[in-house]
> 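Okay, handing you the structure first.
Heavy atoms only: backbone and side chains are in, while hydrogens, waters and symmetry mates are out. Below, chain A is the first sequence line, B the second, and so on; all start at residue 1.
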Amino acid sequence: MTDRNPDILTVEDLTIRFSRYEKGLRKTDLTVINGLSVSVANSELVAVVGSSGSGKSLLAHTLLGILPSNCGASGAIRFLGEPLDNRRIADLRGKRIVLVPQSVTYLDPLKKVGPQVLNDRTDPPSIRAQEKLFEYYGLSPKTAGLYPFELSGGMARRVLLSAAMMETPRLIIADEPTPGLHLSAAKKAMLNFRNFANEGNGVLLITHDLELALETADKIAVFYAGTTVEVAPVGDFRSAATLRHPYTKALWRALPQNGFQPFPGTQPYAGDPIKGCPFAKRCPTVSDACHLDIPQRELRGGLVRCHQAV
Amino acid sequence: MSSFWQKSAAGYLLKSTVRLVLVIAAVSVISFVLVSESPIDPIKAYVGEVGLANMNEETYAKFQAYFGTDIPPVKRYLNWAHDFIRGDMGQSLLYRQPVTGVIKEKFANSMALMALAWVFSGIVAFVLGVLAGVFKNSALDKIIKNYALVLASAPTFWLALIALMVFSVWLRIFPIGFSVPLGVAAADVTVWDSLYHLALPALTLSLTGIASITLHTREKVIDVMGEDYILYARARGQRLWPMVTGHVIRNVTLPAITLQFASISEIFGGSVLVEQVFSFPGLGQAAVRAGIGGDAPLLLGIAIISAALVFGGNLLANLLYGLIDPKIRRQGRAS
């Protein structure tokens, strides 16, 4: 990484805490993301994979500065080499950093889709751009005059994709953009993200769908209980042996084509105080050292948070 | 609501008309029972204790005939209903005029008062509610919320008395009562005179409406501010005010309409008290006189007019919903 060609996005040691009042008005902090690190290089599509409740959406909200007010984030976030503070986020979001949200509820129910995609712009070039995007995503021109409740789930996602592409972003954060899409539409959306990344931009794809991530991503960050347990190039997912963390290996073996093996236990509840590795309780190779602090380290071109990994 | 547009507007109107007829029938029966079972003897109320004591049998019989107290209540009600269906609301016993005429005159006075209070409270409460909701938990929100809570718990007549005391007695900014200046010929009363006399009662009347609409609007705004589409608007870099005008107000409009039209009945109830305090010759004051004077035809007439007005307000709110809510509107087009 040089300054002339910095990573699109680097997140280092991000920690997010909610403060809340428990009974007796005692203020307590609830750590939901702990020591999270992930980066998106030029032309890279990085998938953040984790089950629900692992804190994936909060990462997206942090990057866009839309965390709730009782929520505090600490850590180092850099966008194009420059620190991303709140003021810079406010300038960049919606323009250079765009969000593709999860569902139709992110559209105003009482406003027609067209103006929402256009973000209230009315100039002819923008309208032409919007019409082109609708055509690209197979939405009929009439869609612009529909209200969100008149869209199918798949249409809504394509509308949200169009809204993101209306801008000229360097980074797209896609929060579960594909569930509910037909396979062909999902592939098209993924292809679109891929092409966008290839043009020298970055995509952070937040998903629980490991298979989808494997098809398009360059790098996969595996989330577990609010932290990244492993960041691996997609090629490492060809076999369990090339993977680093026991959780990633367990995920890999749970895929239908790799044996469909379930693994027992559940993810710890966000906010439960965890000492050491959050996966320790479910790990087949757990040892005493797992309950101590485990730093993230580089290993074979990836990152891992496990002292046993080789 | 949705079944209305799915079927037809005519069907909805027919259903509403039937409902209105039932409401009027119920309201008239209940008002009649209340006024005829009331412990107040209309003749005593009319002539006074001494007058009644000094009255001979013959005059008393005449009065009984005049107030109809010699006829059994059920028959009296049926007589009234029979005339009412033919469009005759009968004679007011106290005003010695046709009920229609009395209501017309009082209604004009009250309408100005209530309409002014209604519009004023609607606008002010909406603005306050939106401000409080958007800046939830700020100092502004706390001021607005506490102001509304205090107003909501203060009785209307008490507020009216305070207003009268402060503005009319101490500060002498507003007149002490009535709808027109005293000692001026009816023909010489200007619009400004009327507005001047209207201002304080209307302001007082709007205060109660403001409180509840502000608090309800605030709640709605807070709900909307927590919606995903607001989060997305923020993620797209929308600034606060474009977001408020473009999304929040748009989505708060529908519940605000319901609130605003539902407040008609509250304003109506409040007007009875406010008119009483300000000696304002409106429908509310006439209702009080009719109630304590045993003037059954007038009371029934006023009750029916009020019921019809409130009913009409709710009907209008529903129709507006159909025009504004795209979900209802589009379903109508599809069928």
Side-chain angles (χ1 to χ4, degrees), chain A residues 57-58 60-70 86-113 115-121 145-151 156 159-160 163-167 169 171-176, chain B residues 1-2 5-6 130 133-142 220-258 320-335:
Chain A
S57 288
L58 282 175
H61 291 183
T62 309
L63 295 175
L64 291 155
I66 52 174
L67 284 175
S69 54
N70 65 335
N86 283 338
R87 181 179 293 175
R88 198 154 165 254
I89 289 176
D91 286 340
L92 292 172
R93 66 184 171 199
K95 300 180 189 79
R96 309 298 277 161
I97 305 176
V98 300
L99 172 72
V100 179
Q102 295 185 22
S103 70
V104 70
T105 58
Y106 286 79
L107 291 171
D108 186 333
L110 297 182
K111 200 166 170 177
K112 283 180 184 167
V113 160
Q116 294 205 62
V117 168
L118 284 161
N119 214 355
D120 293 327
R121 278 170 296 205
L146 297 180
Y147 286 94
F149 73 92
E150 295 170 301
L151 304 176
V159 165
L160 291 167
M165 294 300 175
M166 276 301 295
E167 316 294 335
L171 175 67
I172 289 181
I173 301 167
D175 192 0
E176 303 277 8
Chain B
M1 259 322 294
S2 61
W5 290 105
Q6 274 162 6
V130 169
V134 168
F135 300 107
K136 186 180 108 177
N137 292 338
S138 69
L140 181 71
D141 174 38
K142 279 174 189 146
K220 270 287 146 197
V221 168
I222 289 170
D223 284 353
V224 169
M225 290 293 281
E227 292 283 350
D228 287 341
Y229 53 85
I230 295 296
L231 200 66
Y232 183 48
R234 283 173 59 205
R236 293 180 86 188
Q238 252 187 28
R239 306 278 166 193
L240 183 66
W241 280 112
M243 195 171 79
V244 169
T245 52
H247 295 295
V248 177
I249 290 185
R250 187 187 288 264
N251 281 279
V252 170
T253 306
L254 286 176
I257 285 175
T258 313
L320 276 175
Y321 246 79
L323 285 177
I324 294 171
D325 189 345
K327 278 188 194 174
I328 300 173
R329 201 171 61 222
R330 288 289 174 96
Q331 278 168 12
R333 201 173 297 172
S335 67

> Count the heavy-atom pairs under 4.5 Å between each of B:G226, B:G237, B:A233 and chain A, then report the option with the highest count.
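Answer, by heavy-atom pair count under 4.5 Å with chain A: B:G237.
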> Counting C-beta onward and ignoring hydrogens, is there a side-chain heavy-atom pair between A:Q102 and B:D228 closer than 4.5 Å?
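With C-beta onward as the side chain, the pair stays apart.
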> Quick one: closest heavy-atom pair of B:R236 and A:N119, and the distance?
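Looking at all heavy atoms of both residues, the closest pair is NH2-CB, 3.7 Å.
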> Counting heavy-atom pairs under 4.5 Å to chain B, which of A:G65, A:S103, A:P109, A:P68 comes out on top?
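Option with the top pair count is A:P109.
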> Sort A:L67 into side chain, backbone, both or neither according to what part of it lies under 4.5 angstrom from a heavy atom of chain B.
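A:L67 touches chain B through backbone heavy atoms alone.
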> Any side-chain heavy-atom pair from A:L64 and B:R234 closer than 4.5 angstrom?
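No; the side chains remain at least 4.5 Å from each other.
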> When rounded to the nearest 0.5 angstrom, what is the spacing between CG in A:D120 and OG1 in B:T245?
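The CG atom of A:D120 sits 8.5 Å away from the OG1 atom of B:T245.
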> Go through the atoms of A:A60 and report whether side chain, backbone, both or neither lie under 4.5 Å from a heavy atom of chain B.
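Neither part, no heavy atoms under 4.5 Å.
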> Among A:P115, A:A163, A:A164, who wins on heavy-atom pairs under 4.5 Å with chain B?
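Result: the option with the highest number of such pairs is A:A163.
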> Under a 4.5 Å cutoff for heavy-atom pairs, which residue among A:K95, A:Q116, A:K112 has the most contacts with chain B?
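Most pairs with chain B among the choices: A:Q116.
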> Hey, what do you get for CG (A:D108) to CD (B:E227), rounding to the nearest 0.5 Å?
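So the CG of A:D108 and the CD of B:E227 are separated by 9.5 Å.
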> Give me the atom names and distance for the closest heavy-atom approach of B:R239 to A:A90.
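Taking B:R239 first and A:A90 second, the nearest heavy atoms are NH2-O, 3.9 Å.
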> Can you say whether A:L160 sits under 4.5 Å from chain B via the side chain, the backbone, both, or neither, judging by heavy atoms?
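Contact with chain B: backbone and side chain both.
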> State the NZ-OH distance between A:K111 and B:Y229, to the nearest 0.5 angstrom.
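Nearest 0.5 Å value for the NZ-OH distance: 11.5 Å.
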> Under a 4.5 Å heavy-atom cutoff, which of B:D325, B:V224, B:N251, B:I230 has the most pairs with chain A?
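With the most close heavy-atom pairs to chain A, the winner is B:N251.
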> Could you measure the distance from the OH atom of B:Y232 to the CD1 atom of A:I66? Nearest 0.5 Å is fine.
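Taking OH in B:Y232 and CD1 in A:I66, the distance rounds to 10.5 Å.
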